[in-house]
Structures are given as C-alpha cells and as structure tokens.
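Each chain gets a letter, A, B and so on, in the order its sequence line appears, and its residues count up from 1. All heavy atoms count here, side chains included; hydrogens, waters and symmetry mates do not. Owing to the predicted nature of the structure, the values given are computational and were not obtained by experimental measurement.
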Number of protein chains: 2
Amino acid sequence: MKEPTIMDVARQAGVSVATVSRVLNGSTLVNASTQEKVMEVVRSMHYTPNAIGKQLRSQKTMTIAVVVPDISITYCVEIIKGIENTANPLHYKIIICDAQNKPEKEREFMTLLVSRTVDALILVTPSQTDAELATYADNGYTLGVIGRDTGHDAIPCALTDNVKLTRQVMTHLIGQGHTRIAFLSGFATAIDNYERLEGYMKGLQEARLPFMPELVDNGDFTEEGGYAAFMRLWERNTGLTAVFAANDEMALGVHKACGELNIPIPDRMAIVGVDNSRLTNYVRPQISSVEQPLQTMGVLLAGKLIDQMNANEQAGRRIFKIDSILVVKGSSLGRTEEGQG
Amino acid sequence: MKEPTIMDVARQAGVSVATVSRVLNGSTLVNASTQEKVMEVVRSMHYTPNAIGKQLRSQKTMTIAVVVPDISITYCVEIIKGIENTANPLHYKIIICDAQNKPEKEREFMTLLVSRTVDALILVTPSQTDAELATYADNGYTLGVIGRDTGHDAIPCALTDNVKLTRQVMTHLIGQGHTRIAFLSGFATAIDNYERLEGYMKGLQEARLPFMPELVDNGDFTEEGGYAAFMRLWERNTGLTAVFAANDEMALGVHKACGELNIPIPDRMAIVGVDNSRLTNYVRPQISSVEQPLQTMGVLLAGKLIDQMNANEQAGRRIFKIDSILVVKGSSLGRTEEGQG
DNA sequence: ATGAAAGCGCTAACAA
DNA sequence: TTGTTAGCGCTTTCAT
C-alpha cells in the first residue's frame, strides 16, 4: 500500500516532476497536450498530492486552530461555525481544539502554533493572561482572540460591548418597575465580569438607584452555581425582584430555584440571561436573554486573521466590538398587578 | 521571525543534528553531559521541533480526523469527547471536521486521509455508502465508523443495539397499557431506521399486537419534522396513545404538538425519545428517553483504531455493539385513570 | 557515543 | 515549454 508520489506520475507520464507540479498547481506555462497527458496519468493512478510534502516545502499549512474552552457549549459552537464559514471558502482548514476547561490543555495547544502545525490560532475566551499571549504575538505568531481584548497591537479580537449590553438589560428591567436588581456574575477572572458589573452600576446610577453590594453574587457560569447563588441572595432578604445573570446557565439555575421556592416568575421575580441559548425557550416561562452575534464574531475575526497572513501588514481595524440584542420573553415581561402585591 | 531549526541547535551546542535528534527523542545512547548541553541550548533558544519536518520524515502525523455530520448536535459532541479521552493520552491529536450535514463536505474530508494529512479517520453516521467506504479500506487507509457497520473487515465500528433498544422501549410502553404505538423514524437512508423499525415490529409481535402501517411516519430527525409528523399521525385518527420517536428532537416536536392540540401528556399521549439529551429534562413533563453510552463508543473505537495502526494486524473484535438504557420520565409514566378515559 | 549523509514529497529558481 | 536540482526540517542507517 504505497502511495504514488509526484515522481511516479512524472515517470509514468514521461515528463519531469516540475511539469507535473505545474499542471497540478494550474500553471499556465504548460503545453495543452502535456497537461492532458499528465492529468490522464494522475487520474489513472488516483494520485493525490501528499499534503505534508507540500506543507514542508511551502512553509504553509493552510490550517487554523480554534481553541475553545469547552466544545459542549453552544456559545463555542456558534463561533466555530462562523470561523468555518469564512475559512473554508478561502481554502483554510479548521482544526477544533477542546481545552475541556483546563488551562494547561489550552496552553498545550499553543504548541500547534510554535511547531508550525497551523498557520494561525484563534482562542475563544482564553484562560491565559494578556502577557502570555503577547509573547506569542511578539515572536511573530499569528493569533486572534474572541471574547476579550488583550490590548496587543498584533492580536485582533472580536467581542461584544459588555457595558452596552448590561445597560440595555438594566434599562429594560428598570422600565418594568424593578428597583432591586441582583447581578449574577461568572468567574471572577473573566474580564466580562468587570465590564458587565460596570454596566450594571451605570444603569443603576442613571436611574438614581442605590448600588447594594449584597445584590451581587457569583455563579461561576454554571446552572448549579446560579442556583446556589440565588439561594444565597434570597436568604439575604434584600427584597430583590429581578435577577440579571451573566449567562443563560446561571439564569436557568435561578429559574429552577424560583420553581422550588414557589416564587412566581415574572410576578415576583424577573430573570434575564445572556446568550439566548435554545434552552431558554423550553422552560416556562421562557427566559429573556441577550443574543450575541456569535457567528459574526467568528466570521470577522477569521477574515481579519487571514488578511493579516496574506497581506503581511496590519491594515484596518483590529478590534471588532459588536452590539447584541435583548430578546424579551416571559421571564421579564408582563408582571401582573396581583403578582406585584 | 525565523524559527530555529535542529541545525541551529546543533551548531550552537557544538554537536551534530543526529545527536540533537537523539536527545530530543529520548534515545539512551547519548552521553549524559552531551544530553545536558543540548537541552540547555534547546531551552535557551526556545526551540520547538517543526512538526511538518518530523511528519514528512516519519510518515506519521499522529493525528486522527473525526468527521461529524453536525457539530451542534450533542450526540456528536459526546462521541468526540470519548475519542479525545482515548487519543490524547496516547499522544494523538484530534481534528474535528464539521460536515454541516452536507454529503459533499463529508466526502471532501476523505482527502485528509488520502493526502496523508491524518493517519486515520473516524466517521460518525456517515452519509457515504458501504461500497464507497470499502474503497478506502481496500486501499489501506485506516478508518472507523460510529453508528453503523459497513460490513467491511478492515473497518471497525461502534454502534448501539438498535433492535434491543427499540424492543426495550416497546416493552415499557406496552407494559404501561399502550396498544396503539406510533413509530417516528428519521431519514429513510439511515440504517438505524431499518433496525429500529425491526425492533418495533418484533415488540408488537411479541405482545400479539397488530402492525399498523399508518402508525409509522418520518420526522427527519428534526423537531419541526417530529411536529409535522405527529400532526399527520393525529389527523389519521388511529387512536394512538403513545409515540416512540427515533431521537429526542422529534420527541420534542411531538411534545410541542401535543401542547398545542391540548393533548395531555402522559394521560392521553405517552412519548419516548432517544439520546436522553439535556432538553428532555427541561420541558414539562420531562421526556423519557434512551441513553446511549456515546462517550464509550468513542473510546472503544478510537482505541481499536490506534491499536490497528500500531499492531499492523487486525486482532480482536471489530464490531462494538453497545447496550443503551431507557430513562423513564414523566412523559411515559403514571397515566392517571381519569386521563385514560 | 557521535557524526555524515541519504531521503521523506514537494515547489521553484535557474537552465536549456 | 520543459527539465534539473536544491532545499524545506527532520530521523535513521551506516560509519567511525
């Protein structure tokens, strides 16, 4: 089971390897009859060029690695789809790397870049520090980040405007008459937290509502975390009537907790999440959520990165900050008078 | 930004490239002091071996491609996780390929194998025919399939026992007193259909229930398809009291349809799906579903494939047929007397 | 224990 | 228009 090489084709066709290579790569400087003859042999031998040989010679793999924290999160999958939709038509292959929520795994994947297995690497909400990522960029590696801005000139990024997003939610909730609104954040390390907290506070400020630290808690971006956090909030007896969770998982946890505590939604408790994931539409009432244009983020960043590799110069925008939209559903709309009492 | 090569390291350390290569690959035939000296240089230069060069020389990529029909399906993601858990510890990299439900895309990914970009390829519920896949195996390529058996000696596979699975469901439903049970299949092309239909018929047979063709319909494995199929079934006025859907998506469609038609679940209509996906636990009542040990399937197949590559002989089992378990929930349990009337 | 050198499959610069 | 040939970075046989 030995693959035919370009040599075999050349021999069989009675031409040199250079000619075969030219035909294969669509060079115009080839006699039509020669071309025909070579293609004939290529077909009859079922010859397919060896990708490794090509890569070694051309110093290009035409491959981009996408490192996601967890392949089971819809958030990540949507981004991947966006990247694919841009990369595939441009003949770039995508290799998806699942870091399984382990920072050490994520770091391991960086060697794909260093070992030249891929031409570029996209990190989705990386766990590495800005300084770590800067090192790679400084050494000339092509990488981009989705979900935050490392601040490095050579690292493009796509992210949502968290402050705007949060204020949008706050405006909605305050408009519904809520004054005690809890904020459920994710990991303390995520930059999103800081920005969303900022938007939360700004929203309160504008409505001349006081900031109450006891209305802020952490749910670690998981359903269980959101559930536990809400239980803590509830026991503090702060008189809260609404919860803004930094993602849908936590919002689902709150939804569940309210169910168990017999707190009617939205009458006694309004809930808003982020991601507008499918699940939010299957629980009753459905959960209002902010929809981020994830595919778009993938499309824009991949496009930018490919441009960067081909043009060899950093032209155009480096930061793609994208607006999201709030999808209002039953969990935060239509409180009945009765319920409010 | 030029990477240091093994040559640079050799020069710097005052040894030959062969020695550097030996050190890097842990050969024992190297003087301890030489070894130390080389490693010192490797560290100081931040040298990382070029993967492409290595691959070309060794004729191995240590990479396995996993081609899934759709990366957004949890079914696929679970299998991927299983494969990763086996492959990564054995130093194999995984490249995930999303065929986006397009047969031509799936076929394109086969060139990864032919072009030697990967050492092996795993197909999850492929759209290609057995004959097509056989060609690759006959030409010595290493591939495996999850979800069906191609019947080819050199193509290992992992799959669930569909007949058993279906009969399990039928036994449960018949045990609950149902006699008119609809069967909702997926694409007509999927082999699963045939086997599940077989199990359905056997289940009826054993219980001495008649097979009614008008109780079988197709829902294309989608929620919308399941919804539409149920609507058709319902209009046929067959007096059905239970639906077995070949996957959870279709089961959710039936669930939705019942909601709109005001058919109480499980009192007037029992529902059972397959996959035991997360969503089945968020709707009310929760949907009974068959849980397939997907991760296990990935683990077993990947292990078999890697063995096959290393041992160069086909020892051991080729077909991994795995039992699934039925998780009974509200949608098919506890019909009240009243409801039955 | 170490080094020299061949060669994996390919492209492209240079020659003819 | 076509051919010859030098590498891309690495491992490994064969000498030493």
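- Between B/Gln35 and B/Gly53, it is B/Gln35 whose nearest contact on DNA chain C lies nearer the 5' terminus.
- B/Tyr75 OH to B/Ile146 CD1: the interatomic distance, rounded to the nearest 0.5 Å, is 7.5 Å.
- Looking at heavy-atom distances under 4.0 Å, A/Val17 makes contact with a base.
- For the 3.5 Å distance criterion, the side chains of A/Asn139 and B/His46 fail to qualify, holding no donor opposite an acceptor.
- Using a 4.0 Å cut-off, some side-chain N or O of A/Asn25 falls inside it from OP1 or OP2 of C/dT11.
- The side chain of A/Gln59 lies closest to D/dC8, out of D/dC8, D/dT4, D/dT13.
- Distances from the side chain of A/Thr34 to the nucleotides D/dC10, D/dT1, C/dG9 place D/dT1 closest.
- Side-chain contact check for B/Ile71 versus A/Glu78: every heavy-atom pair is 4.5 Å or farther apart.
- Distances from the side chain of B/Val15 to the nucleotides D/dG9, C/dA12, C/dG3 place C/dG3 closest.
- Contact annotation: A/Ser21 side-chain N/O to C/dC10 OP1/OP2 distance is not under 4.0 Å.
- If you measure from atom CZ of A/Arg57 to atom P of C/dC10, you get 13 Å, rounded to the nearest angstrom.
- The CD1 atom of B/Ile6 sits 11 Å away from the P atom of D/dT12 (whole-angstrom rounding).
- Residues B/Gln55 and B/Thr61 bring no donor and acceptor atom of their side chains to less than 3.5 Å of each other.
- Going from atom CG of B/Leu56 over to atom P of C/dT11 covers 12 Å, rounded to whole Å.
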**Request:** Go through A/Lys105 and A/Asp70 one step at a time and tell me if the salt bridge (charged side-chain N to carboxylate O under 4.0 Å, His left out) criterion holds.
**Result:** CA-CA 11 Å; A/Lys105 277 232 155 207; A/Asp70 184 348; over 6 Å; no
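- Residue order along DNA chain D, read from the 5' end via each residue's closest nucleotide, puts A/Ala32 first among B/Tyr47 and A/Ala32.
- Across the interface with DNA chain C, nearest-nucleotide mapping of A/Ala18 and B/Arg22 shows B/Arg22 to be the residue nearer the 5′ end.
- At a threshold of 4.0 angstrom between heavy atoms, the contacts of A/Thr5 are confined to the sugar-phosphate backbone, with no base atom among them.
- For B/Asn31, whose side chain is taken as the heavy atoms from C-beta onward, the closest listed nucleotide among D/dG9, C/dT2, C/dT11 is C/dT2.
- Of the candidate nucleotides D/dT11, C/dG3, C/dG9, C/dG3 has the atom lying nearest to any side-chain atom of B/Thr19.
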